[in-house]
Amino acid sequence: MGSKTVTMNSPLINSKSETEDFSPTRSRATLGIQSDTAFSEASKRLSGRDLCSIADLTVEEMAALMELAHAVKANPEDFRHALDARQMVMFFEKASLRTRLTFETAINTLGGNAIFVDQTQSPLGERESLSDMAHNIERWMAIMVLRTYAHDTITEIAACSKIPVINALSDLEHPCQAIADFFTLEERFGSAEGLHFTYVGDGNNVCHSLMLTAAQLGSHCTVATPKGFAPKLEIIHKAIEIAETTGGSITLMHDPVKAVTGADAVYTDVCTSMGFEHEATKRAPIFKPYQVNEALMANAQADAVFMHCLPAHRNAEVTDAVLDGPQSLVFDQAENRMHAQKAILLMLLGGAKRTTNSRNRASQSRKRS
């Protein structure tokens, strides 16, 4: 079963009109973990691996990770000692509330320990080479969590290190956020397969990871951005490639109303990400038509949900009425960062197991016409 994917005109894409259809080139992958063997094989492949990008995961590995996240949330006591005595170090160049606290809580409640190193005043690689730093840390720690500006910082440390490295946010991606967000959607809708997911705003790091995750889970992802603020082409092409195997689709456009029409989930982020604060005044009028308010949400499905990674600039990219309203899942998302990151830590550190209450996600597919 194939998929239809659509993307905007680009100088790097040959197209005859405003949009281009991409026909599937491979057979559709299996979206659900259907056997103990499949789950076990995915877990074994992930053990010891890095998570720098959503694209580091296969469709089957993403499915196993999602299943594990549901299991650890439903039955935390089953994993209370899974990572006993494991040490996790976190190096953060950027400020954090949710990412830091949820990672610390995650490993602490799995039996391990977290050590935080504030790098906000001293970028990684400035005092010591990234290679030397990695080779020191791998002697003491079991896993490393990095929150940086440059994505290359994360990939370089990962290449040098013998222990798993997790991207806790870079200028290119925010994979842990996207995994938690789609875990939240699975809680609400039963499955992300066939879900109509719309992102409105800046085509930034969060948008990149959401596109890739939507593609892996077979969702229909629409992204509406102002001209000049579209996601990076490398991410667009990778998301399309994945969607062609899962029955999902990727659609890019500029019209926020059209993008939101019929959506099951509407997502936005700040208009000015960390590192681009100097552009805030310039960006404000450009993004004003992309504000998620009650009028825009009225175009979505009646049971549609609103999502935001937080922190939000209230009454800028989203109004108070939507952020605090009954459709909002923002605090569910924040809570689920902890559960999703437990699953990530368990997978990468070899502590994953399938419990008797694990869900068969393949049987819970939900599709809208």
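For reference, positions follow the sequence shown, starting with 1. Nothing here was measured: the structure is a model prediction, and the numbers come from that model.
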Can you check whether L345 reaches F79 side chain to side chain, under 4.5 Å on heavy atoms?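 They are not in side-chain contact.
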Got a second to check how far [X]'s [atom1] is from [Y]'s [atom2], nearest 0.5 Å?
X    : Y    : atom1 : atom2 : value
Q216 : L65  : CD    : CG    : 9.5 Å
I143 : Q87  : CD1   : CD    : 12.0 Å
E93  : L146 : CD    : CG    : 8.5 Å
K342 : T102 : NZ    : OG1   : 11.0 Å
L310 : L323 : CG    : CG    : 6.5 Å
E173 : I235 : CD    : CD1   : 5.0 Å

Look at the rings of F197 and F182 and say which category their plane angle falls in: under 30° parallel, 30 to 60° tilted, over 60° perpendicular.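 Ring orientation of F197 relative to F182: tilted.
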Measure the acute angle between the ring planes of H70 and F183, then classify it against the limits of 30° and 60° as parallel, tilted or perpendicular.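 H70 and F183: tilted rings.
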Please determine whether a side-chain nitrogen of the Lys or Arg among E41 and K44 lies less than 4.0 Å from a carboxylate oxygen of the Asp or Glu.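 A salt bridge is absent here (no side-chain N lies under 4.0 Å from a carboxylate O).
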Output yes when E60 and R45 qualify as a salt bridge under the 4.0 Å nitrogen-oxygen rule, no when they do not.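 No.
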Among V292, V200, D181, which residue satisfies the side chain to side chain contact (heavy atoms under 4.5 Å, CB included) criterion with Y267?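 When side chain to side chain contact (heavy atoms under 4.5 Å, CB included) is applied between Y267 and each of V292, V200, D181, only D181 qualifies.
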Report the residue from T268, V206, V270 that forms a side chain to side chain contact (heavy atoms under 4.5 Å, CB included) with C309.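 Testing each of T268, V206, V270 against C309, the sole residue satisfying side chain to side chain contact (heavy atoms under 4.5 Å, CB included) is V206.
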Go through it in stages, so that I can follow the logic: the residues are C271 and D202, the test is side chain to side chain contact (heavy atoms under 4.5 Å, CB included), and I'd like the CA-CA distance, side-chain angles, deciding distance and then a yes or no. CA-CA 6 Å; C271 304; D202 186 22; 5.7 Å; no
Contact list for residues 104-122, test salt bridge (Lys or Arg N to Asp or Glu O under 4.0 Å), sequence neighbours left out: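 Sorted pair list: R100-E104.
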Derivation and outcome, side chain to side chain contact (heavy atoms under 4.5 Å, CB included), residues D264 and R188: CA-CA 10 Å; D264 298 311; R188 174 56 65 99; over 6 Å; no
Regarding [X] and [Y], is there a side-chain donor-to-acceptor distance under 3.5 Å anywhere?
X    : Y    : answer
R147 : T99  : yes
Q301 : H196 : no
H237 : E234 : no
H174 : S209 : no

Report the residues that fulfil salt bridge (Lys or Arg N to Asp or Glu O under 4.0 Å) with E279, sequence neighbours left out, ordered by chain and then residue number.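 With neighbours one apart ignored, the set is R283.
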Taking only residues two or more places apart in sequence, or in another chain, which ones meet D320 in a side-chain hydrogen bond (donor to acceptor under 3.5 Å, both in side chains)?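 side-chain hydrogen bond (donor to acceptor under 3.5 Å, both in side chains) check on D320 returns R314, N315.
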